[in-house]
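Heads up: the structure comes next, in structure tokens.
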Amino acid sequence: MIEKSYNPKDIEEKWYNFWLEKGYFRADSKSGKPSYCIVIPPPNVTGSLHLGHALDVTLQDILIRWKRMSGFNALWLPGTDHAGIATQNVVDKELKKEGLDRHQIGREAFVQKVWEWKKQYGDRIIHQLKRMGVSCDWSRERFTLDEGLSRAVKEVFIRLYEDGLIYRGDYIINWCPRCQTALSDLEVEHDDVKGKLYHIKYPFVAGKGHLVVATTRPETLLGDTAVAVNPADERYKDIVGKTVTLPVLNKEIPVIADEFVDMSFGTGAVKVTPAHDPNDFDIAKRHNLPFVKIMTEEGKMSEGAGPYSGQDRYKCRENILKDLSDLGLLVDVKEHLVGLGHCYRCKTVIEPYLSKQWFVKMKPLAEEAISAVRDGRINIIPSGWKNSYFDWMENIKDWCISRQIWWGHRIPVWYCREMQNEECAMRSGIIVSRETPEACPYCGAGASALIQEEDMLDTWFSSALWPFSTLGWPDETDDLRKFYPTDVLVTGFDILFFWVARMIMSGLKFMGDVPFRDVYIHALIRDAYGQKMSKSKGNVIDPLELIDNYGTDAFRFTLTAFAAQGRDIKFSVDRVEGYRHFLNKIWNASRFILMNIKQPLLLCKDIKEIDSLSLADRWILSRLSDVISEVNAALAEYRFNDAASILYQFIWHEFCDWYIEMSKLTLYGDDKQACNAAINTLVHVLEVSLRLLHPFIPFITEKLWQDIPLPDRREVEGLCVQKYPVPQDGIFNKDAESKMAVIMDAVNGIRSIRGEFNLLPSLELKAMIRAFDGTKDVLRENLVYISKLAKASDIEIGEDIRRPEDSAVAVKPAMEIFVHLKGLFDVELEIKRLQKEITKINESAVFIKKKLTNREFAAKAPETVIEENKANYKDFIEKIQKIQENIEKLKKWGKQNDVQMVEGEFVNVKQSTVRTVEGGHIELQQVGAFTIDGEKIDVTQGAAVVLKSEELNLNQSISCLSLAENASLNFSIAPVAMAKEDINVNKSAVGVMISKKIKTEGTSSLIMIAKEVEGPVTTLLDWRSALAFGAAFGGVLGLIKLLRSR
RNA sequence: AGGCGCGUAGCUCAGUGGGAGAGCGCUUCCUUGACACGGAAGAGGUCAGGGGUUCGAUACCCCUCGUGCCUACCA
């Protein structure tokens, strides 16, 4: 027997190992099945699992498991990324702890160290992924620095170079002074920072006067080689061509005219620092200005900065401002918001820096990539991201790919120092080669004359090849033939440009085909307040902690349920707990079903072979069929959250709340055949549901599925390789669904009355239902269900039912339900209730009426809409009328139902004792009868308890009176209704309970009876309070006051 | 500066040109033989505000406010 509640820890590791041992995740490059392939966005090898990964892989796993079960040769190719700068930084830090720095130990030793690090910690992320239950083909795991992938990187570099798409040159690049490397534009994060705009005087060399320039970076004036104004600027018309003196350095620089200058900004005059600003660089190129570098790679002032040489860039700013101020050249300082670039790895402020780097020409590559998306060869989902994609692609700039780091792919370039002939010189001695060259291929200089390029490639250069390099490219492998193009790429939008766009470009260039047909872009996960999670903010939720606390399945289901397209996810732990409850529900439903499979097994192989399916059976099978199509459809469109909620709704509210409850009737009944049909249906629906749920919550479904004693089970097989359900696994049956709707209406109607009158769930009700024709027949045929689910032992159904007195009503389409309430009835409450319902319906009715009477509507609205509205209106009006009739009737009754106080007396008292909850005991006195005014009253249910002791508390014995079980009390009392009206009591009151609770097998029901007035006792609704109350006031046997209706 | 998105129940969010849904939370009742990680019944919304298109707008368009993000060379 399985445990009472679900404990994920017991099963996850076991079944993951089972899957691995069976090799279920392995794809077959020779398979004849259609293939389906996803390459994982490779996490950083030194990273650890965060929520973003968790979401990403959960969605991929859902797709892969779904496709695998749906008969595809599914390959999910896993791997990790070497993450050049990030990994290098990590190892740098380690070295620092040892008091070392990578330059001290040298390049080779450092790289060796990183490899060791990778060996030691590189598996961590993989282990963490496995805990997510991912069904990757681990036999194909790749690492971007693997030999094969490195070969692909070299090959791509060389081919791009040969095609003239890679070049080397001096340009302004983004330089991180801390990481000491160039970065691509994408690797710079822009943040608006409060800064200042300084207005500085540049005196004219000839004559008096000066020009005022505005700058946010005064320290760069040391590298100024001109001042620029707009040629159209009237203010400076006569100044162009003059010479000004560069403050502090007293260098003469020209005033030039360039259209770039924005006349409206600052003073309209710009200092030009060609070596430290990309715009100034362009201006300088146009005007042949000199380039003066004033900073070092560490972000300190260099010799070019003259007297400030050696100072930190910010210290220098302070000093220069002071000097300018002293010289009277600083004329104004204004607050100014500056968009500052920061290194995406270390957040250091980026320095635009003139430097010799390698670049990829992007425009030619981008063109094809744009049309691939435009013409639909690649589908971006949600499609809103297409705009961003096009926008970026159409304005793409060349990609700086060289990095001054040691960990990664070294640029396969050598330089010939000798350049002995023209060709060699023409090529600047650049040798691009797959192998280390023995000699210069141009001038024949020997190996000793050749120096290898020190720089490494941007990590994203290798990631861009991931969809084909992992499949074996440049070799023409079976995998490549079979799985390229891959089917879908699942990732967050944060790497759309970094990675997705570049993969598309390189796939098209080198494979001649798109790398994937769909790109599914999911949301980013934020914390409960919508903030991005980051270590520095300390708001990071560790997925492994969630897994430990709630289990992988609950975590996965939460992520899935949240994964609505196009919105960020505000993640909170509470939600995970909620979905764990869902798993517990599944667990217990399974437990119930497995417990009820009776021996010998009567399980049938095919549910369609079972005759004598009941309405409930047919209904749930029909619902199942529908759910199967909906889930498949949702998955096909990447509507993960829809799929999750469809399943949640079905399992919990249809299967558990309705079907399982109904099945109990047949399960515990005498009809063997019906019972067999029910068991088969239960098992069938469970089995199919587990298959349906498997991609979402693989562990619990596998475990439970293994526990089902299926007749044709092959012991060794796992659920994860079973067929994914198709609609034929259910049996669609419209008739059953509409009949069930009638039954549900009836049950809901009765339950509503029970709930609103606060009647005990255990109280058996007596109901009458007025219904006609088909509805009547359906109700009659399925009376047992209504009786069971609504707890109504006595139900009468007919066309000419008349509403009994003291009954509450529920009006449903095609039926009116009356529930006898007898003494429990409260006219006022019922009238209020019904009037409220009328108000509600009336609002809708008025609205529709308005529409229907509008001539334009009748003329222009589509026929179907008009019909629909008419039908709705008719229903509303009928309902309102029926309810109104009921209200009228109630008002009449209300007059007769004056409340009276009646005295009564118990007779034939026998005594017995039961224990109270608190450890005391209650003496029960069995009563043969009960009289009021000498008239003998029958008692239907429960025991009337009279507290007769003078001073009782709960730990003392309480003498009670218990009424005979088979007696009946015709004018029973509505305890709750009374209590709601504030019963008033005084000290002479006697507490009376009519309660089944006191009987061993009983349920509870409570009545406080009171005489005369003094203070409300509304709160005395639970039986312990009642006992206490009775005890406090004491009581006298026989002195009973009853509220009596009529 | 431009672009994109969001604003729906107390919270987190679905959703659609024909008068609004879920989960959690809340209120009341209940230990009935899978489950209190449960069952039953309720309460709760001018669908941010204003204008327009339409027979009809929460949905489509425009504007405003609030909010988040992306891109960008404004010194």
Side-chain angles (χ1 to χ4, degrees), chain A residues 2 4-6 172 185 190 197 213-217 220 228 260-262 264-267 269-273 277-282 336 338-339 352 384-385 387-388 391-392 395 493-494 496-497 524 526 528 530 532 561-562 564 566-572 574-575 577-596 641-642 645 648-649 656-657 660-661 664 668 748 751-762 789-791 843-844 847-848 850-851 854-862 864-866 868-869 872 976 980 1001 1003-1004 1021-1022:
Chain A
I2 67 179
K4 192 170 168 183
S5 49
Y6 161 58
I172 297 273
D185 295 340
H190 292 273
L197 190 63
V213 303
T215 180
T216 54
R217 302 195 58 194
T220 61
F260 165 79
V261 181
D262 179 354
S264 63
F265 188 88
T267 60
V270 188
K271 56 193 270 319
V272 181
T273 322
D277 183 283
N279 296 311
D280 295 2
F281 178 85
D282 293 340
H336 185 67
V338 196
W385 291 108
N387 287 335
S388 298
D391 191 52
W392 189 74
N395 298 299
F493 62 80
D494 50 331
L496 181 60
F497 309 139
L524 238 49
R526 299 172 186 283
K532 212 168 170 175
F562 267 123
R567 193 194 277 249
D568 284 351
I569 298 172
K570 283 189 202 165
F571 194 87
S572 99
D574 297 349
R575 316 300 303 273
E577 181 157 359
Y579 284 111
R580 191 191 53 186
H581 296 173
F582 175 53
L583 299 188
N584 193 52
K585 192 74 180 174
I586 296 171
W587 181 271
N588 273 292
S590 307
R591 185 165 168 261
F592 168 79
I593 293 165
L594 296 176
M595 274 170 23
N596 278 290
N641 60 321
D642 283 350
S645 76
Y648 184 97
Q649 200 65 25
C656 292
D657 288 351
I660 288 187
E661 289 311 316
K664 287 175 182 172
Y668 303 143
N748 286 335
R751 281 178 173 175
S752 252
I753 291 168
R754 184 192 292 278
E756 292 191 49
F757 281 89
N758 257 333
L759 307 180
L760 291 173
S762 55
L789 295 172
K791 267 252 171 189
E843 271 176 36
S844 309
F847 222 89
I848 297 183
K850 232 170 98 184
K851 235 190 314 196
N854 186 331
R855 250 182 241 162
E856 302 252 40
F857 176 77
K860 292 180 184 171
T864 49
V865 173
I866 295 175
E868 203 179 305
N869 276 285
N872 283 346
V976 177
K980 275 189 177 164
E1001 82 279 21
T1003 56
S1004 62
L1021 277 174
D1022 76 272

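Numbers restart at 1 for each chain; the letters A, B, ... are given by sequence-line order, proteins then strands. Computed from a predicted structure; not experimentally measured.
Geometrically, A/Lys664 engages A/Phe592 in a cation-pi contact defined by less than 6.0 Å to the ring centre and at most 45° from the axis.
Comparing B/U12, B/C69, B/A34 by their closest approach to the side chain of A/Lys570 singles out B/U12. In the set B/A75, B/C29, B/G38, the nucleotide with an atom closest to the side chain of A/Leu197 is B/A75. Listed nucleotides: B/C73, B/C55, B/A75. Nearest to the side chain of A/His336: B/A75. Side-chain atoms of A/Asp642 lie closest to B/A14 of the nucleotides B/A14, B/A34, B/A75. The side chain of A/Phe497 lies closest to B/U71 when the candidates are B/U71, B/C73, B/C35. Closest contact between the side chain of A/Tyr668 and the listed nucleotides B/C37, B/G33, B/C13 involves B/G33. Comparing atom distances between the A/Ser5 side chain and each of B/A75, B/C37, B/A40 picks out B/C37 as nearest. Comparing B/A34, B/A14, B/A40 against the side chain of A/Asp657 picks out B/A40 as the nearest.
Pairing of B/G38, defined by two Watson-Crick or G-U wobble distances under 3.5 Å, is identified with B/C30. A 3.5 Å limit on both hydrogen-bonding distances identifies B/G23 as the Watson-Crick or G-U partner of B/C11. Using the Watson-Crick or G-U wobble rule with both distances under 3.5 Å, B/C4 pairs with B/G68.
Following rounding to the nearest Å, A/Lys850 (NZ) and B/G56 (P) show an atom-to-atom distance of 11 Å. Atom CZ of A/Phe582 is separated from atom P of B/G39 by 12 Å (rounded to the nearest Å). Taking atom OH of A/Tyr579 as the reference point, atom P of B/C13 lies 13 Å away to the nearest angstrom. Distance CG (A/Asp280) to P (B/A75): 11 Å, rounded to an integer number of Å. Across the protein-nucleic acid pair, A/Asp185 atom CG and B/U71 atom P stand 11 Å apart, rounded to whole Å. In this structure, A/Glu856 atom CD and B/G56 atom P are separated by 7 Å, rounded to whole Å.
A/Glu756 contributes no side-chain N or O that forms a donor-acceptor pair with the base of B/A43 under 3.5 Å. A donor N or O paired with an acceptor N or O is found under 3.5 Å between the base of B/A34 and the side-chain atoms of A/Lys664. Counting distance only, with no hydrogens placed and no angle test, the side-chain atoms of A/Lys4 and the base atoms of B/C35 include no donor-acceptor pair under 3.5 Å.
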- Message: Strictly under 4.0 angstrom, non-hydrogen atoms only: write out the protein contact profile of nucleotides 16-22 of chain B, one letter per nucleotide from the 5' end, B, S or -.
- Response: --BB---

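At a threshold of 4.5 Å between non-hydrogen side-chain atoms, the residues A/Asp494 and A/Leu524 count as touching. Contact of the A/Phe847 side chain with the A/Asn869 side chain is not registered, since no non-hydrogen atoms from C-beta on lie closer than 4.5 Å. In this structure, the side chains of A/Arg751 and A/Leu789 come closer than 4.5 Å at one or more pairs of heavy atoms. Between A/Ile586 and A/Tyr6 there is no side-chain heavy-atom pair separated by less than 4.5 Å.
Contact between the side-chain N/O atoms of A/Ser752 and the OP1/OP2 oxygens of B/G42 is found at a separation under 4.0 Å. Remark: A/Asn387 is not in phosphate contact with B/U71, judged by side-chain N or O atoms under 4.0 Å from OP1 or OP2. Distances shorter than 4.0 Å separate none of the side-chain N or O atoms of A/His581 from OP1 or OP2 on B/C24.
Checking A/Lys271 against A/Thr273 by side-chain atom types alone, a donor-acceptor pair falls below 3.5 Å.
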